[in-house]
Amino acid sequence: MARSLFRGAPELSRLFAEAPIELISEFLLHSQFSVFVGDALASMPADAEEQVHRDKMAEMLKALKSDRASLIESEARRVMRMTDQTPEAMLRRLGEDGRFSAKEGLNAQRDALARSLWAYLHAFPLFEAAERAMQVRVYREHGTLYEAWSIDASIPLAAESVDHDALSAEIAELLQHEDGCKVEAIDLPAENGKSQDVLLAVTFFGAYASQKTVQPDKSTKLIYFRPPDEMLLVYSQARRRIEVCSRDRQERKIVANLFAADTLKHDISNKPLTQKTYNLSRFRNSLKLPIPDEEAHRVKKASIIEVQVALGDWSRKVTLSVAPDDDIDAIARSVFGAIIPKAGGGYVTKVRFRIEHVNGRGRKGTLQFDVFGRNKSNIQSERDPAKRELGYDLLEAWGVLERIGDLSKPQRKEKLPQLLTLYDLAAEKASGENLDELGVDADELTGAGFLTRKGWSDVILFEDDELGEVVHNVERDGTSGEATLTLVEGGAGSTIPADDISEYEIRFDYLRDALRDVLKPMNLKGRVRELADHLHQLGVARIGLADTPIYLARAASVDKLLEASDRLVRGEGNRIRGIVFVPQGVRFPYLGCHVVLSLKDYIDADSGMIDADAVRSSYEAAIDPAVRGAAVHFRKQGDDAAQISVPGQDPRIVTGAKKVKLFERLYMAHRDREHSVKLGVLKDYAGFSQLPQLFGKDWAEMNGRYLYSPCHSFWALCEEPISV
C-alpha cells in the first residue's frame, strides 16, 4: 500500500501506512474530508483486523477522484512536515506550555508521526503555532517578505502579558483594516526550555473573493469568502530584535514601531528602531580581513573562503571557493586579473566568512556564515548568541555591517527640507557631489535609510579649469579617501574626494512614508495607493463635511511627469475634489479638479508638521475655480508647459512647445474677442501639420471639450465668459 497510494509522494504514503490506525481513521473523518469518505469508512467493520482496515482504506483512497485526493494530500503533507527533527522538537517544546493542554496527549503518542497527527487532530492551536515558528525560519532564510529591527534595550516580555485586544485594535486602526484583526501571542521556548522569544500572529480579513459552486440539485451559485492574510512578528529579548514577516513593507515597519512603542513601552520617538544592512562594496579591491585590535583577544584567524561576483547583472555570476588556508585575495587577482573587472560593471554579491576564535574558557571554535546582497545573511540563524554577536561585531568593524535607523523627531524636523528636496528629484540615483550641491547630508540620510550607497562612478564628466568639460576615468584603491581622475584619451588628471564620485540610490518609498507622517495633523484615513511611482494617494482627510482625497506627487519639474500626474488624477473619474501635495514649488495651481499645494509652504516651523488649518483655508479658497471653472484661463510656464481652463471642464495641463503655442494663440483670440482662428494660421504659429496627430491618443478628450471647430477650417476655445 505504501508504494502505490500516493504516486511520487512516498512520505504521504508513509503517513497512511505507519500512523496509528485509530488516528488515521479520525483524520479521514475530519470535517474537511468526511463529506466524500464518511460513508465508505462507516461501512467498514469495526472489528476488522488492523491490516484489513488499512487495506480497505487504501482501496477507498485510490478510488477517489484526483481533486478530492489532492485535498487529503495537502493536509497530510502538513502533518508529515511536522515530523522532521527541528519542527518536531519545536512541537514538543511548545507542548510544555499549559495553555495548549497538550502535554499529556503528546507524551502518550508512540513516535513523531503519531505526535504530529495527534496534535493536528486534538491540539490544532499547538500544531499551528509550531507551523508558524517554522515559517519564520523560512522567511529568515529567504528574506523577501522579512525585515528585522534592533532595539537598544533588552526589555522582558512574556506572551501572557501581551494585551491582545488592545494591540489588535491599534494595529487594525493604523493599517486601516475596518473589520479589525486577531492577535495571538505564544512563547517560543529555547533549547534549555526557558522562553526567549515571543511570537505574535496577526490575522487580517483578506480581500473578498468569489467562486462558483455546484449545488446538490445541479444548480450553481456564487460563494463569497475572505481568505486570511497573516503577519508574523517575533520579539527576542536576548537579541534585542523585532522581526516581522509580511508581504507589505510599509505594514512591517508600522507594526514593528507600534509593537515597540505600545507593548514594550520603548521611546521610539527619541530612540528609533534600527535595521542591519550589508555593504559588500569594500571587497571590490581586496578580500583580506584584518583582525580588529579590540577583537584580537578572541579572534585567531579571519578569512574569506568564497566570493561571488556578478558581471554586470545577476544572470552572469562567477563564484570562487578556496580552502581555509588559501590566500583568496592572491588567487582572485591571478584568476580575474582584478577582483572586479571594470568593463561590465561587476560587483560582489556574496561573501562567505570563516572565523576561528576562542571563548572565555579558552575553547576553540569556528564560525562560518554568508552575507549575500544588502539585507541577507544566515548569521542570524546561528543558535549561539555569543558567536552571533561576535560575527556582527566583526562585520561592523570591517565596514560590512551598517545600522540604519529612522530619524528621531528632532532630527526629522531638522532634516525635513532635505527630505523634501530628495523626494522631488526625478532620477533614482544621485552622486555625492550632486547631493552636496543640494545641501543634502548624504551620510546621515544613508544611516536613516533614505539613501543607499551604491559604490562609485567609474567614468565621470568633470569640469576642468583648463580643458572645460571632459570625460575622465576614475581610479581608486578602495581604501583611500581620494580618487584619481585620468583622461579617457590618456594623460594624468587631478585627484578629487572619493565622496564626490560616490553614487547613491534614493529610497522614494521611505521618503514617501516620512512625508505622510508629516501630514498626521490632517487625520488621514485609508491606505497608501500607488497610481504611479511618482504619484500616490495617501488617503482621505475630512475637510468641512466631505472626505477629501489627498495625493502626493513628486518630480513635477519634469514636464512629462507633470502631465502624466495630471492625466492620472483626472483618470480617477470620481469627480471628488481633493489636494495634491508637491514637495516644493507649485508649477500650476490645479491637477484635474484638485488643488495643488506645496508641502514646504505649509509646514509649521515649531512642530515640523503640517499646519492643517492653513491647508484647509487654502483649499477652500481655491477649490471652486478648479472644478467646472466659470471662465477661460491660460497659464504658461516656459515654452513647453501650460495649463488651460475652460468652463465646464477640469483644468488640463499640456506639454510640448507646439501644443502650448496652439493654446496660446487660441487664448489670444479669446482675449481679443476673435470668434475663431483659421487652421492655417494656427499651423504657422505653432508649427504642426495636423491637429489629431498633434494630440495623439488625447485628441478625443480635447476635441469638443477644450477646443472646437465652430465652422470648417476654424478653431476656438470652448468658452463662455471672457476672462482677461
Side-chain angles (χ1 to χ4, degrees), residues 426-428 529-537 549 551-578 580 582 587-596 626-629 632-670 676-719:
E428 295 181 355
R529 185 166 62 93
E530 180 179 291
L531 281 72
D533 61 357
H534 59 276
L535 178 67
H536 291 76
Q537 183 181 349
Y551 297 88
L552 178 62
R554 67 174 183 84
S557 59
V558 180
D559 292 342
K560 290 300 180 184
L561 292 181
L562 176 66
E563 187 176 29
S565 297
D566 181 62
R567 183 180 293 111
L568 285 166
V569 296
R570 282 189 289 102
E572 293 283 271
N574 52 26
R575 301 294 309 137
I576 300 175
R577 298 175 288 182
V580 178
V582 294
R587 293 186 65 185
F588 296 105
Y590 307 110
L591 280 182
C593 63
H594 309 297
V595 175
V596 180
V627 183
R628 307 291 182 187
V632 172
H633 293 277
F634 178 76
R635 301 173 179 88
K636 179 181 174 183
Q637 189 182 81
D639 295 329
D640 296 318
Q643 185 170 68
I644 182 71
S645 299
V646 299
Q649 301 295 332
D650 294 338
R652 188 181 186 110
I653 289 173
V654 293
T655 61
K658 293 180 181 180
K659 286 184 278 188
V660 170
K661 294 194 77 172
L662 165 69
F663 277 107
E664 182 180 47
R665 182 65 184 85
L666 291 175
Y667 179 73
M668 291 165 58
H670 160 77
S676 56
V677 182
K678 191 174 179 59
L679 180 60
V681 174
L682 292 174
K683 288 182 177 181
D684 291 341
Y685 188 85
F688 65 89
S689 57
Q690 298 293 330
L691 270 178
Q693 286 82 351
L694 177 63
F695 288 97
K697 62 182 180 181
D698 293 333
W699 176 239
E701 293 185 22
M702 305 300 299
N703 187 20
R705 296 178 63 183
Y706 294 89
L707 73 170
Y708 77 108
S709 177
C711 57
H712 182 65
S713 295
F714 283 83
W715 289 87
L717 293 177
C718 296
E719 60 182 79

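Index from 1, following the sequence. No hydrogens, no waters, no symmetry mates; every other heavy atom, side chains included, goes into these values.
- Considering every non-hydrogen atom in both Phe714 and Ser709, the closest pair reads O-OG, 2.8 Å.
- Shortest non-hydrogen contact noted between Asp566 and Pro651 is OD1-O, 4.0 Å.
- Annotation: salt bridge (Lys or Arg N to Asp or Glu O under 4.0 Å) contacts involving residues 707-717, sequence neighbours excluded, are absent.
- Residues satisfying the ring pair (Phe, Tyr, Trp, His ring centres under 6.0 Å) test with Tyr706, not counting sequence neighbours, are none.
- Put simply, the side chain of Asn703 never gets that close to the backbone of Tyr708: no donor and acceptor are under 3.5 Å apart.
- Closest heavy-atom contact between Ala641 and Arg587: CB-NH2, 3.4 Å.
- Across every non-hydrogen atom of Ala426 and Val558, the tightest pair is CB-CG2, 3.6 Å.
- Aromatic ring centres of His594 and Tyr551 lie closer together than 6.0 Å.
- Residue pairs satisfying the side-chain hydrogen bond (donor to acceptor under 3.5 Å, both in side chains) criterion with at least one member in residues 652-662, sequence neighbours excluded, are listed as follows: Glu563-Thr655, Arg652-Glu701.
- The 12-atom threshold is exceeded at CD of Gln637, counting heavy atoms of other residues, nucleotides or ligands nearer than 6.0 Å.
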For Leu707 and Leu662: C-alpha separation, side-chain torsions, deciding distance, then whether side chain to side chain contact (heavy atoms under 4.5 Å, CB included) applies. CA-CA 10 Å; Leu707 73 170; Leu662 165 69; 4.3 Å; yes

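- Under the side-chain hydrogen bond (donor to acceptor under 3.5 Å, both in side chains) criterion, His534 pairs with Ser565, sequence neighbours left out.
- Within the 3.5 Å criterion, the main-chain N or O of Gln649 finds no donor-acceptor partner in the side chain of Arg705.
- At a threshold of 4.5 Å between non-hydrogen side-chain atoms, the residues Val596 and Phe588 do not count as touching.
- In this structure the side chain of Tyr590 never reaches within 4.5 angstrom of the side chain of Ile653, judged on heavy atoms.
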Could you please spell out the steps behind the side chain to side chain contact (heavy atoms under 4.5 Å, CB included) verdict for Arg635 and Ser645? CA-CA 9 Å; Arg635 301 173 179 88; Ser645 299; 3.6 Å; yes

Taking it one step at a time, do Asp639 and Val660 satisfy side chain to side chain contact (heavy atoms under 4.5 Å, CB included)? CA-CA 7 Å; Asp639 295 329; Val660 170; over 6 Å; no

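- Taking the side-chain contact (heavy atoms from CB on, under 4.5 Å) definition, one finds that Asp640 meets it with Asp559, Ala657, sequence neighbours left out.
- The minimum heavy-atom distance linking Arg577 with Pro549 is given by the pair O-CD, 3.2 Å.
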Can you give the donor-acceptor pairs under 3.5 Å from side chains of residues 681-700 to other protein atoms, not counting sequence neighbours?
unit_1	atom_1	unit_2	atom_2	d
Lys683	NZ	Ser689	O	3.0
Tyr685	OH	Glu664	OE1	3.1
Asp698	OD2	Arg567	NH2	2.9

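- From His670, atom NE2 reaches atom SG of Cys718 across 12.0 Å, with rounding to the nearest 0.5 Å.
- The main-chain N or O of Leu535 is never found under 3.5 Å from a side-chain atom of Glu530 such that the two would form a donor-acceptor pair.
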Take Trp715 and Arg665 through the side chain to side chain contact (heavy atoms under 4.5 Å, CB included) test and state the conclusion after the steps. CA-CA 10 Å; Trp715 289 87; Arg665 182 65 184 85; over 6 Å; no

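- Closest heavy-atom contact between His633 and Ile644: O-CD1, 3.3 Å.
- If you take CG on Leu531 and CG on Leu552, they are separated by 11.5 Å, rounding to the nearest 0.5 Å.
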